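Below is one structure, written out as C-alpha cells, with a few remarks after it.
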Amino acid sequence: MTARRRPSLLVVLAIAAGTLVLFAAGGFLYWRARSAVNEVALAASPKPVAVVPARADVFRPQRRYVGTVAPWVRADVGPQFIAAYADTVLVRPGDTVKRGQILATLDCRDANASNRAMTMQARAIDARQKAMASEAARIGSLVDGGFAAPNEAEQKSAGSESALAELMATQAKMTGTSLAVNDCVLRAPFDGEVSMRMVDPGAFVRPGDPVASVVDRSTVRVTAEVPEGDFGFVGPGTPVRIKMLAVGDAVTGAIARRSPAANDATRTVHFEIDLHDPERRFPVGTTAELAIDVGAPEPATVVPSVAAAVHGDKATVFVVAGDKATKHVVAVRGEEQGMLYLDPALEAGSEVVTEGRSLLDEGDRVTATAASGGAAAPSGSVAGVHAP
C-alpha cells in the first residue's frame, strides 16, 4: 500500500496568498461602501436656492380693456329696389372715392324700358286731360248762353278731373320706375375708401346685396365693452392710453361717449373714443389695448411673480436672512408684466427666493445664490393691474 503525497510548500503558500487577497478586496469594498453613506440627515442639509432683492417702486391701479378700431361711418353700397346682373364694378379695395362717384352699374335694360313706357303713358294721359279740360271750359261757357245743358258741362268737367287723377297716379308710378333706374347706378354716399369689393361683373345681385363697402377713416372710433362694475371709470372725458396693435403706435385720447345702459345679455357698458386721423394711419376692424388709471400712485415692493404663491389678495414669499429662510404673507397691490407689487410691509432689499421655493419650510437652512435678472422695472415706474 503506497503512502499519500503531502502538498508541496508552494501550493500552501499560493492558497494562503489567495485567501489574503480575497480578504483584502472584501475589506476595501466594505470601506468604500461605508464611506459613500451620508451620515448627516437630509433635512439638516442646507437647501440650494436662488434669490433676488426686492425693490421699492410705485404702483398705480389701472383697468385694461380690449377695444375695436371702427370707422367714423361705413356703408355697404348695393341696390335697394331692383334685382339685376352687375354690369361694371369700377373700384377695388384701397381706392379713394368722392361723394357721388360711381362705384358700379347694373344691367337695367328692363327697368329702363318700363320707365320709358310709363313716361309715354303719362304724356298721353296729360295730353288727353288737357283736351278734356279745354272742352269742359268751352261747354261751360255755352251753358251761360243757354246753348248747352248743365248736365253735359258737369260730365265734361268730371271727365277732365278723372283724367287728371289718372295722370297723377301714372306720375307716381313713374317715380317708382325712376328710382329703379337710378338704383342701377351705385354711387359713393360720402368721401372715403373702398374696404371691400363683394361682387364682380356678371354676378346677380338682389335688393340688400352689397356690391362694395366704403369707410371713412378721417376719424376713427375706438369702441370697447366694460363690466358693469367699471361704469364709473369710463365716464366722458376720462383720459385713456391706447396701443394700436395693427401698427404698434401708442396714442392718447379721451372717452367721447358712454352708453347710459348695460347690454341686457352681457351686462357690459359700451363706450367710444374718437381719434382724428387725417393721414389715415389706423386700419379699422383691428384691435386696440386700452389702459385707464383708476387710482393714485402708492408705494409698493416689487418681486418677480415666480417668487410668490398668490391666494386671493395675499402672497406667500420666502425671505433669506443669513442661512435661513422665513415665510412671509403679504398683501398684494397688483401685478404687471411678470412682476408682483406687494405691500411695503415686505421691506425693499429683502432677499426673496425665486428658485427652490416649493421645497422650503419655515426656518429651513439654505445656500443662496443670486438669480439672473432683476426683480422689477426701474424705480419710479408706474404699473397697474389687468381688469378681470
Side-chain angles (χ1 to χ4, degrees), residues 60-81 93 189-190 192-199 205-277 280-295 305 310-313 332-338 383-388:
R60 187 171 189 179
Q62 296 178 353
R63 290 293 186 270
R64 292 184 177 271
Y65 310 106
V66 177
T68 302
V69 183
W72 182 249
V73 287
R74 170 184 171 178
D76 292 335
V77 182
Q80 303 178 43
F81 307 105
F190 49 79
E193 300 166 279
V194 177
S195 63
M196 295 182 65
R197 165 174 161 156
M198 296 84 160
V199 168
V205 292
R206 297 175 175 82
D209 291 345
V211 174
S213 182
V214 180
V215 297
D216 179 7
R217 291 192 299 150
S218 59
T219 298
V220 297
R221 298 177 297 115
V222 180
T223 66
E225 308 289 331
V226 303
E228 58 183 342
D230 290 353
F231 181 83
F233 300 146
V234 293
T238 302
V240 184
R241 295 187 300 278
I242 307 168
K243 183 177 181 181
M244 301 293 189
L245 296 187
V247 295
D249 289 357
V251 298
T252 59
I255 295 177
R257 61 196 65 87
R258 176 190 62 185
S259 173
N263 184 284
D264 291 339
T266 62
R267 292 296 189 270
T268 55
V269 178
H270 178 85
F271 71 90
E272 297 182 355
I273 305 164
D274 296 340
L275 296 177
H276 295 289
D277 185 23
R280 297 177 173 85
R281 294 177 299 155
F282 307 134
V284 296
T286 55
T287 304
E289 291 183 348
L290 314 179
I292 300 176
D293 295 330
V294 297
S305 297
V310 180
H311 300 282
D313 60 351
V332 177
R333 291 284 176 85
E335 184 177 2
E336 177 74 10
Q337 297 180 353
V385 295
H386 289 276

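Bear in mind that the values here come from a model prediction, so they are computed numbers and not experimental data.
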Taking every non-hydrogen atom, the tightest pair across P236 and A256: CB-O, 4.2 Å

Considering all heavy atoms, the nearest Y65-P227 contact: CE2-CD, 4.2 Å

Non-hydrogen side-chain atoms of T68 and T287 separated by less than 4.5 Å: no

Atom of V222, atom of A288 and distance for their closest heavy-atom approach: CG1-CB, 4.1 Å

Non-neighbouring partners of T223 that pass side-chain hydrogen bond (donor to acceptor under 3.5 Å, both in side chains), sequence neighbours left out: none

Qualifying residues under salt bridge (charged side-chain N to carboxylate O under 4.0 Å, His left out), relative to E193, sequence neighbours excluded: R217, R280

Residues that S305 engages under side-chain hydrogen bond (donor to acceptor under 3.5 Å, both in side chains), provided they are two or more places apart: E335

Sidechain-backbone polar pair: D277 side chain, F282 backbone, donor-acceptor under 3.5 Å: yes

Derivation and outcome, salt bridge (Lys or Arg N to Asp or Glu O under 4.0 Å), residues R60 and E336: CA-CA 11 Å; R60 187 171 189 179; E336 177 74 10; over 6 Å; no

side-chain contact (heavy atoms from CB on, under 4.5 Å) partners of A70, counting only residues at least two apart: R221

Side-chain touch T286/L245, heavy atoms, less than 4.5 angstrom: no

Verdict with supporting geometry, I242 and E289, side chain to side chain contact (heavy atoms under 4.5 Å, CB included): CA-CA 6 Å; I242 307 168; E289 291 183 348; over 6 Å; no

Residues forming a side-chain hydrogen bond (donor to acceptor under 3.5 Å, both in side chains) with D216, sequence neighbours excluded: S218

CD on E225 to CG on D230, rounded to 0.5 Å: 12.5 Å

Point-to-point distance, once rounded to the nearest 0.5 Å, from CH2 of W72 to NE2 of H276: 8.0 Å

Side-chain touch V226/F233, heavy atoms, less than 4.5 angstrom: no

I292 side chain reached by V234 side chain, heavy atoms, under 4.5 Å: yes

Residues in side-chain contact (heavy atoms from CB on, under 4.5 Å) contact with P79, at least two apart in sequence or another chain: I82, L106, D183, L186, V205, V211

Results of side-chain hydrogen bond (donor to acceptor under 3.5 Å, both in side chains) for H311 - residues two or more places apart only: none

Over all atoms of both residues, closest heavy-atom pair of G253 and L275: CA-CD2, 4.2 Å

Heavy-atom pair of closest approach, residues R74 and V215: CG-CG1, 3.9 Å

Residue list, side-chain contact (heavy atoms from CB on, under 4.5 Å) with P93, at least two apart or on another chain: R197

All side-chain contact (heavy atoms from CB on, under 4.5 Å) counterparts of M198, not counting sequence neighbours: D76, M196, P210, S213

Nearest atoms (heavy-atom pairs only) where I255 meets I273: CA-CG1, 4.0 Å

side-chain hydrogen bond (donor to acceptor under 3.5 Å, both in side chains): pairs with one or both residues in residues 240-257, sequence neighbours excluded: R241-D293, D249-R281, R257-E272, R257-D274

